[in-house]
Protein chains: 2
Amino acid sequence: MNENKITIQKIAELAGVNKATVSRVLNGSATISQKTKEKVERIIKEYNYTPNTIARGLAVNKTFTVGFCHDYKDKRAFANHFFYKMLQGIENVIYDNDYLFLMMSRHEREDGTSMFERVVKERRVDGVILPSSLYNEANYRLLKEHRMPFVVLGEREFGHSDVRWVDVDNRQAAQLLTERLYENGYRRIHLYTDQEAIARDKFIADRIDGYTRTMEKLGLPAFVATSVGELQARGTEAVICCTHEQLFELLKETADGLPLPDAELGTFDENPMFQYFKRTVHYVSIDLEKWANRRRIFCFPSSIKKKTFRTLSRFPHFWREHQILNKGQMK
Amino acid sequence: MNENKITIQKIAELAGVNKATVSRVLNGSATISQKTKEKVERIIKEYNYTPNTIARGLAVNKTFTVGFCHDYKDKRAFANHFFYKMLQGIENVIYDNDYLFLMMSRHEREDGTSMFERVVKERRVDGVILPSSLYNEANYRLLKEHRMPFVVLGEREFGHSDVRWVDVDNRQAAQLLTERLYENGYRRIHLYTDQEAIARDKFIADRIDGYTRTMEKLGLPAFVATSVGELQARGTEAVICCTHEQLFELLKETADGLPLPDAELGTFDENPMFQYFKRTVHYVSIDLEKWANRRRIFCFPSSIKKKTFRTLSRFPHFWREHQILNKGQMK
DNA sequence: GTGAAAGCGCTAACAG
DNA sequence: CTGTTAGCGCTTTCAC
């Protein structure tokens, strides 16, 4: 291939030292004389040499790569602004730590194995980030068996106390939203969600809980609807849409016109397009960039730099332990 | 680390053969007796062995990974639905070919080098996909110097005939949009764009060209505006927004109300949120999924499976040569 | 058809 | 402080 590819061996010869010595200056070993260090560094610069991370990884059993797994079938994720903001934040932290970012999808291959599984088994990454929707017992076992550090995006409990996750405080977000609607004069504030999602997704349950408690505190009856009909029958003044799917459903004109023409709409997470919508959307959202910059949201402290990525599995649940709350931002 | 990690050596011992033999059955060498082949395959299955792609890559000088570079500072890209649809399509094709997908950003590191540069120099990927906004003379030289195959997303010429790119037919898209607005009864159809973008981005120039020619054909005066004031002064009936940025500008209420309250709005590419907007948005868009499934849009023919990724650089300009055109889809 | 050995580019003991 | 040696897990001549 590239015949004049420049390797550590060549640099060693050029500098008149052993390649082990070059390796030492590369890795900042203390036991190096200033003289040889400078000589080697000069040659490295002169020949524009960059050590091969893959070979290095093979030697030290690391890849300097973080994997991010997503469900390619989940169109919701790909339509979700929150998802991308997160992705951006993750990328920034990863790059700042001289790591690379590998996208994996829950793509099943012909032989029945998934790309994710193979990546884990082959140790093509040093750690994995995966959304709670992809965190299940099988993946837990896979990751544990291969001693692969991972962190789950979104709270999810399976009785494993050794699982690290990050999440926002959905209860508080729901509280903020409910309170704000109340302050705006609405009283028949109802929540709209998908029946199946209640049991499946913890963030839904938390949002419902936050809403219900707040309504109680306000001395108002809480009502969780799972269909538009229920909302209509209840004379809804303001409706909290648990996900954007519910929101879009209410925004869509049907043969009978808008489902709830007179109700105010509230939801979680921002979408920059909201401002152009026909109907006003009230929302709570977290300033992701702010948190990402503080390197907390993704659980990567700056100290991992150059260190083994295994530390990943020792990170605390920042979001849970510190009770960092949604900064409500209402429109 | 994982003390009982299972390697090709172990499999060889277990099967009572040499690791070279195991390697041969792994790679489907023909010169293998059916008997040993079956024996080895049995052991592999029994021990759930997966060969280490990284080590394999070191031996054959490949990584089985495709890199995708994006500009992390370009908020537009990250807010762009088209961008993500593309990403999804690329991922699918890559996974189908048993390749991995590495996200790179134009992230500058402290030492002044970019992550992209390092990835290329270290050959941590076998090929690179990069948007035309990141394709410049410096990157061209970098990629060529390191014999790194690449394909540019979006047409861009720099006098290098050996550069492969894929793009949609922006001229035809503009034509479709203009014609449709004409059919709807509008006559003072004007185009709105960013002054600087005209020279910088070929797709803008192409859209302008398509619009201008169509207007000529229709016997109408074409008018390219670069400010809202110009549009207002011209009594615009319908305005073609060259990018969504222009569109959003016209959608945003100012102190004086909407900029062009009575004009119809047209643009390129879909955004699924359009349907909820206050104002109707006319748009042309390409059915990306359709083309992605045909594996044409991203220039990865199915034949690259298991073959060196260098073929990438020999792919034809499908989109140019076949004149595959924007299927106009108007709302 | 299969084994032995060298090598991909790097790190990590172990000497000296 | 620096060189030697032995790997990391796999492929690939070259013999036999």
Side-chain angles (χ1 to χ4, degrees), chain A residues 1-41 43-44 47 49-64 118 121-124 126 146 306-308, chain B residues 1-41 43-44 47 49-64 118-119 121-124 126 146 306 308:
Chain A
M1 181 149 283
N2 206 339
E3 298 314 345
N4 44 18
K5 191 172 11 180
I6 172 118
T7 70
I8 198 172
Q9 179 63 51
K10 283 228 182 64
I11 295 293
E13 284 163 13
L14 257 16
V17 296
N18 188 278
K19 60 180 182 172
T21 306
V22 179
S23 174
R24 285 186 189 105
V25 344
L26 245 25
N27 295 296
S29 166
T31 68
I32 277 275
S33 81
Q34 192 61 24
K35 220 179 83 191
T36 46
K37 188 182 164 192
E38 275 164 11
K39 184 172 61 184
V40 170
E41 276 172 347
I43 301 281
I44 286 176
Y47 286 83
Y49 164 69
T50 309
N52 184 320
T53 308
I54 296 183
R56 178 159 173 247
L58 189 64
V60 299
N61 197 27
K62 267 194 275 189
T63 61
F64 308 98
R118 211 174 94 184
K121 283 180 73 176
E122 292 184 18
R123 296 202 80 79
R124 287 187 71 167
D126 292 342
H146 295 274
K306 300 287 182 198
K307 282 196 209 153
T308 161
Chain B
M1 176 147 283
N2 207 339
E3 298 312 346
N4 43 20
K5 194 175 2 183
I6 170 122
T7 69
I8 197 172
Q9 178 64 51
K10 284 227 182 65
I11 295 293
E13 284 163 14
L14 256 16
V17 296
N18 189 277
K19 60 180 182 170
T21 306
V22 179
S23 174
R24 286 187 188 107
V25 345
L26 246 24
N27 296 296
S29 166
T31 69
I32 276 274
S33 79
Q34 190 63 21
K35 222 179 82 189
T36 46
K37 189 182 165 196
E38 276 164 13
K39 184 171 60 184
V40 170
E41 276 172 347
I43 302 281
I44 286 177
Y47 286 84
Y49 163 70
T50 310
N52 184 321
T53 309
I54 297 184
R56 178 159 174 248
L58 189 64
V60 299
N61 197 27
K62 267 193 274 188
T63 62
F64 308 97
R118 212 174 93 182
V119 167
K121 283 181 73 174
E122 292 184 18
R123 296 202 81 77
R124 288 187 69 168
D126 292 342
H146 294 275
K306 301 286 181 197
T308 162

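We use all heavy atoms of the structure for the numbers below, so side chains are in, but hydrogens, waters and symmetry mates are not.
Looking at B/K37, its side chain never comes within 3.5 Å of a backbone N or O of B/S29 through a donor-acceptor pair. Distance alone, capped at 3.5 Å, is enough to place a donor-acceptor pair between the B/R123 side chain and the B/H146 backbone.
The side chain to side chain contact (heavy atoms under 4.5 Å, CB included) search around A/E13 returns A/Q9, not counting sequence neighbours. Partners of A/I54 under the side chain to side chain contact (heavy atoms under 4.5 Å, CB included) rule, at least two apart in sequence or in another chain, are A/N52, B/I54, B/T63, B/R124. Not counting sequence neighbours, the partners of A/I8 by the side chain to side chain contact (heavy atoms under 4.5 Å, CB included) test are A/K19, A/V22, A/S23, A/L26, A/Y49. Considering only residues two or more places apart in sequence or on other chains, B/E38 meets the side chain to side chain contact (heavy atoms under 4.5 Å, CB included) condition with B/Q34.
For A/T36 and D/dT2, the shortest distance from a side-chain N or O to OP1 or OP2 is below 4.0 Å.
With a 4.5 Å cut-off on side-chain heavy atoms, B/T21 and B/N18 count as touching.
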Going 5' to 3' through nucleotides 7-13 of chain D, assign each nucleotide B (protein heavy atom under 4.0 Å from a base atom), S (under 4.0 Å only from sugar-phosphate atoms) or - (no protein heavy atom that close). BBBBBBB
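For the pair A/E13 CD and D/dT2 C1', the interatomic distance rounds to 17 Å; values are reported in whole Å. Counting to the nearest Å, the P atom of C/dG9 and the CZ atom of A/F64 are 17 Å from each other.
Taking a 6.0 Å sphere around NZ of A/K39, one finds it holds more than 12 heavy atoms contributed by other residues, nucleotides or ligands.
In this structure, the helix from C/dG1-D/dC16 to C/dG16-D/dC1 shows an angle of 40° between the axis at its start and the axis at its end, each fitted on 5 base pairs and rounded to 10°.
Contacts of B/S33 with the nucleic acid, taken as non-hydrogen atoms under 4.0 Å apart, involve only primed sugar atoms and P, OP1 or OP2.
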